[in-house]
Structures are given as structure tokens and as C-alpha cells.
Amino acid sequence: MATSTSPSAQSTAPAVTAAIQVYDTLTKTKRPLKTVRPGHVGIYLCGPTVYKEAHIGHMVGPVIFDTISRFLRYSGYDVEWVVNITDVDDKLIAESQRRGIPMAQVATQMTGDYCANLLEMGVDQITHMPRATENMNEIIAFIGELIEQGFAYEAEGDVFFDVARDAEYGKLTNRRPEDQQGEGGKAATKKRNPGDFALWKTAKPNEPAWESPWGQGRPGWHIECSAMSRRLLGKTFDIHGGGLDLTFPHHENEIAQSECCHSAPMANYWMHNGLMRAGDAAGKVGGKSDRDQAAEAGEQATVDTKISRSKGAGGLRSLLSRHTGERVRFFLLRTHYRSTIVFSEEGLEEAGAALDKFYTFFERYERIMGRPFYLDPDETKEDRRLITRRVDGEIETAGDELLAEVAKLRASYLAKMDDDFNTGGAASDLFLLVNTLNRTIEQQGLEQGKGTEAQKAAFARASETLRELSALLGIFFKPIQRGGGGNEQALANCVELLLTMRAEARKNKDFATADRIRNDLTAAGIVLEDRKEGTLWKVG
RNA sequence: GGCGCCGUAGCCAAGUGGUCUAAGGCAGCGGAUUGCAAAUCCGCCAUCCCCGGUUCGAAUCCGGGCGGCGCCUCCA
């Protein structure tokens, strides 16, 4: 496969890399990314309906698209990424009635929860987060245009999209309305065809409602995405994303609305991430089989709490109390975004064990270089979005063996990212990179201060590449938290005291005492590491 | 019933026509190092669900099985 990752090709190439391949669900093909506007990528990702706290399944899309955004920006694109917030919908109304508070309050609370979780996961690339209720004029106007063009009709205060008028309807998921088994739902009697879907729903008493040409009501689910994507990204934009479960009916209907209205493609690439499922049972996390199981169990509690108790996959908040956001993010990115991810506590633990390899290296780096591997927060706060550009990360090997190897790994890593954002494959190169770095430390005795200046410089440059590449996955930005609270100094003093005692015991070959101190410290959560230069400890 | 996806070592997982007698991680096993450990380094650990076909050549393409999963219900 042709890539432009060789150093010589890069230096003369334009700012934007032409080698990025994207898989498109609509055409079922992988093809080079060609954007509507040169150097600019518009991405629309279907966001959450904010009626309940988020679970881990809701993070899959944001994490992968955050990573894609980073990679595109790094590759020279100006990225505009929209994630919508659905803050008006049947479930929101139900939740507000159950809790006896206004729908808007539920939405605000849950949007806050969602955003807090995003930040915890390192998702900070989003450009716009438009809310449906703040785009009513746009939505109503869009519906009006569809009616005007004959693609939609009004029926007793409801407005439906007329599927029969769209010759291409069903092209995304390869289905025809007449093959479907559904009977059209509650509003079936008002519809011309069972497959017609609501653009506008007339309000029942005591429901939130907006004024429209068809009376008081609220928008249907799909129309907000057509209206808001047009407002922010234009009639035709580059990438539309979402979970695989949204292909039908949601995305199919978005395509119908937007493409009938504009006689133009809605998005040039449709990207769908795989769903997450629970490890011990069938069904995706939060999905149908979960709901069925909960129903069968006759639980009083809502279906979603049942999921959290039975699968351990419930509220993100509790998950993030057991695992760092970085760990969860890495767990998600180790699998290709189009694959199903099987959720399990063990899988998360394993991701953590893998990350420890890097954390250990960062400590070695600090001992050698005398400064943290992580960038100073002040250095990154201005533009944490982009640590470096692809072209700036090119390595001058200057005949150095280490740098030559690092350059090779970097090229391999970038080639995998170029190929439909293969984060799992790319991550493997990160492990090879850290292994190379560790080997260099061993061979050159860098921790004993033995290396030459040139060797140290090469090591520093190679480490810089590790930071550059890991930043693309959105990991290793901030120091990991070890120890806790304001007692850190006191803890350190106590441990140092015990280490002094142990050192004396070892000097006297009193290994029984030395081992007892180490074992008891281990039991207390302090892990020791004896080195030539002295004993290191950390809260493990 | 219709439309799709998936099946690679004990586990997770990349690869989707030759460089694959198949990456990487976790676990495990040998060795170096260590007073013993830990960490690190070196080494070991799979012929790709089954059967048939296409091809000079298949984990990769086609057909048929078996097994798992999703959508067709306003679920990311």
C-alpha cells in the first residue's frame, strides 16, 4: 500500500497527508480521504440523549472520534467536529415526569455528567456541542422545506416523512420499506406507510412544546441531526459517525431527509463504531438483551440500574472510581473501532497492566533526564489539542542506530493510523518503541550515567517520538496519580525511615529483617525496587 | 422472515491474496540481573472454527456447514 510516511516523501509533501484511508459504511469500501474543502474536515457524530447517566458504551464513539480528530489535526487538517446533544425526546419527558422536575433540568444535569465523563476520558477535541432545543428555528425551517418539496406531509398536528417519495430510501442499510415487519408504531393510523417516520410530533397536555406551523409540538428524533449538521457543517460534509446500532433507522432517515431536501449527498464517509457487549452474557451493554433480561427478572428498578448491577458495566462514575480514564481509553483503543468490544473487568485490569510498562519507563526517563516525561501542564495548556505536527516529528537519524529503529517504528505506526485509523495495530508499535528504549537504557547504562552526550541526545529524541505518537491516541498527557491527598510528605518520610532501617539490615546481611520490611510494606501497598543507586519505592 | 457483522495462541488482539512456518499485550515457562525479590533485558509459547473450491500461492477470495452477535422497537 502506498503511504507517504517515508521521511523524504514527507518533507516535500503538502501539509495535508493524502494517504489516509477511510472505510465508508454506505459504499462498503475503504478509500482515500478526499475532503469537501481542501485541508478541512467536517465531522458530525451522533451524541447522546441526555436522560440518564452515561455508561461505558456511550464513550466508544467519542473516544475513537477524539482520536481520529487528533490524528487528522496532526496530519495537517483543520478539523471541525460536532457532537449533538439530544435534549428533547420521549425518554427525557418520561424521566422528567418520574422525577417531578422540568425536562430541561434533567437534560442539563445529564449533559453535565456526560461532559465530565468525556473529559475524564481525555475527550477534548469537540468543536461544537449543539442542543436540539437551541436549534428549533433551524429544525422547523428544515421540516417546512421538506413539506414544500413534497417529501413530507402533515397529519393531525404530526408531520411525517413520506418514505415512498424517496427512491433511494434504505440505501445505507440495504433494506426496503415493504420488507420491514414493523407496523408503524402508535402513530400508524396517521401514516401513509408504516415506514414513514415523524419529523414533528404534536404535543400532549403537560409536555414541553414549541410553536410551529403545525401547532404546538416537538421535533422527531432524526430531524435535529439533519438541521444542525447543515447549519454547522453545510449540506454536504465529510464524515458522519455514530454507533453501529444507529444505522437503522436513525442514519437511514437522516440521509432521506437531508438528501431529498438538498439533492446532494449528506456525508461523503459514514463511519460506524462497533458496539460494546457484556462479557458474561449475550447482548451489547445497555442493549436489547440487557433490557429483556431485566424485564424477565421482574426487577422493580429501571432497566439501566439492572444493567449496572448485573453486568458491572453501569454508571461510568463507578467504573471510573475503579479505573483511570486513561486505562479505560486505552482499553477501548486497543480494539479496532469497527469491531465489537467485549466489556469485562478483567479486560480493563489487563489494559492497566499493559500501561504499567509505560509508566515504569517514564520513571526511568525522569531518573536519566532529570525531568518528567510528561510535558509541564503549562506547556500544554495553550494547545493541548496538538502537541506536534506530523511533518515536524520527522526524525533525522544521522546514522544513529537507535534513531533509525525509532524512525522505522514511527513510520509503521503512522501507516497503520493512515489505514482507517487502526489504533489497535498502532498501539503495538508503541510497545515495541518502549522496549527499544528500555533496551537502550540497559545496553548503554544510561541510568548509571554512562552514556555519551550523543547517546543521551538520541535517547531524548527517541523518547520525544514516544510522546508524539502516544499523544495521537490521547494518552500520557498528565502525571499519573500515585499516593493520595495532603499526607504525601508524611508518607514519604515514613517510607524513607523504613528504607533506611532496611538498608542497614541488608548491610548486616540480616535479610530476615530486610525481607520483613519489604513484605510488610508491600502488604501496605508500597512496592520496593532495589537498584544499584539505591532503593526506589512507589505506591502500587 | 428481511438486512448485516464476526469466529486468529490459556485470555485480549493486529493482519484480510505471497515479506504470515501470523504483530503486540496479559498470563505462563526458561535465562541474564538480584542476597532473595521487583522492574528491565534475552529466549520459548498459534498454521488462523470445520469441509469443499478458485489460485503457481489463502488466515486472507468463493460455496456449504457449525458457532456467536447486531439491526428491522426514538439504544452510542
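Bear in mind the structure is a predicted one, so any value in this text is a computation, not a measurement. Chain letters run A, B, ... following the sequence lines, proteins first, then strands; residues in each count from 1.
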At a cut-off of 3.5 Å, list every protein nitrogen or oxygen paired with a nitrogen or oxygen from nucleotides 31-34 of chain B, distance to 0.1 Å.
none

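- Checking the phosphate oxygens (OP1, OP2) of B/G2, no side-chain nitrogen or oxygen of A/N174 falls inside 4.0 Å.
- The side chain of A/R439 contributes an N or O atom lying less than 4.0 Å from OP1 or OP2 of B/C42.
- Phosphate proximity of B/C26 to A/K357: present, with a side-chain N or O under 4.0 Å from OP1 or OP2.
- At a threshold of 4.0 angstrom between heavy atoms, the contacts of A/T173 are confined to the sugar-phosphate backbone, with no base atom among them.
- B/G15 atom C1' lies 14 Å from atom CG of A/D420, rounded to whole Å.
- A/G241 comes within contact range of no nucleotide atom at all, as no heavy-atom separation falls under 4.0 Å.
- Under the salt bridge (charged side-chain N to carboxylate O under 4.0 Å, His left out) rule, A/D158 has a single partner from A/K204, A/K190, A/K191, which is A/K190.
- B/A22 sits 36 Å from B/U34 when the C1' atoms are compared, rounded to a whole Å.
- At a threshold of 4.0 angstrom between heavy atoms, the contacts of A/D89 include nucleobase atoms, whether or not backbone atoms are also involved.
- Using cut-offs of 30° and 60° on the angle between ring planes, the pair A/F362 and A/F476 is perpendicular.
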Give me, pair by pair, the N or O atoms of the protein and of nucleotides 12-14 of chain B that are less than 3.5 Å apart, along with how far apart they are.
residue: B/A14; atom: OP1; partner: A/H336; partner atom: N; Å: 2.8
residue: B/A14; atom: O3'; partner: A/N422; partner atom: ND2; Å: 3.0

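- Nucleotides B/U55 and B/G18 place their C1' atoms 12 Å apart, quoted to the nearest Å.
- Within the nucleic acid shown, A/L432 comes within 4.0 Å of sugar-phosphate atoms alone, with no base atom in reach, counting heavy atoms only.
- Pairing for B/C20 is absent, judged as Watson-Crick or G-U wobble with the two contacts each under 3.5 Å.
- Listed pair A/N435 / B/C41 meets the phosphate criterion, a side-chain N or O lying under 4.0 Å from OP1 or OP2.
- Taking atom C1' in both B/U33 and B/G43, the straight-line distance is 15 Å, to the nearest Å.
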- Item | Candidate pair A/L499 and A/L528, rule side chain to side chain contact (heavy atoms under 4.5 Å, CB included), full reasoning | CA-CA 9 Å; A/L499 289 188; A/L528 302 190; 3.7 Å; yes

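- Checking the phosphate oxygens (OP1, OP2) of B/U40, no side-chain nitrogen or oxygen of A/N438 falls inside 4.0 Å.
- At least one side-chain heavy atom of A/P130 sits under 4.5 Å from a side-chain heavy atom of A/V82.
- Note: A/F431 and A/F358 meet the aromatic proximity criterion, with ring centroids under 6.0 Å apart.
- The one candidate from A/D419, A/D418, A/D420, A/D24 that meets the salt bridge (charged side-chain N to carboxylate O under 4.0 Å, His left out) condition with A/K30 is A/D419.
- A/G347 comes within 4.0 angstrom of nothing in the nucleic acid, heavy atoms only.
- Taking the six-membered ring for Trp and the full ring otherwise, the centers of A/H251 and A/H272 sit less than 6.0 Å from each other.
- Distance CG (A/L473) to P (B/G24): 18 Å, rounded to an integer number of Å.
- In this structure, A/F511 counts as stacked on the base of B/G35 under the 5.5 Å centre distance and 30° plane angle limits.
- Separating the CG atom of A/L118 from the C1' atom of B/A76 is a distance of 12 Å, rounded to the nearest angstrom.
- For the segment residues 513-522 of chain A, residues with any heavy atom less than 4.0 angstrom from an atom of RNA chain B are, sorted by number, A/D515, A/R518.
- As rounded to the nearest Å, B/G70 and B/G15 have P atoms that lie 23 Å from one another.
- Comparing atom distances between the A/E442 side chain and each of B/C41, B/C72, B/G35 picks out B/C41 as nearest.
- Aromatic rings of A/Y114 and A/H58 (six-membered ring for Trp) have centroids beyond the 6.0 Å cut-off, not under it.
- For the P atoms, the distance linking B/A14 with B/G24 amounts to 15 Å, nearest Å.
- In this structure, the CG atom of A/L333 is 14 Å from the C1' atom of B/G25, given to the nearest Å.
- Within the nucleic acid shown, A/L528 comes within 4.0 Å of at least one base atom, counting heavy atoms only.
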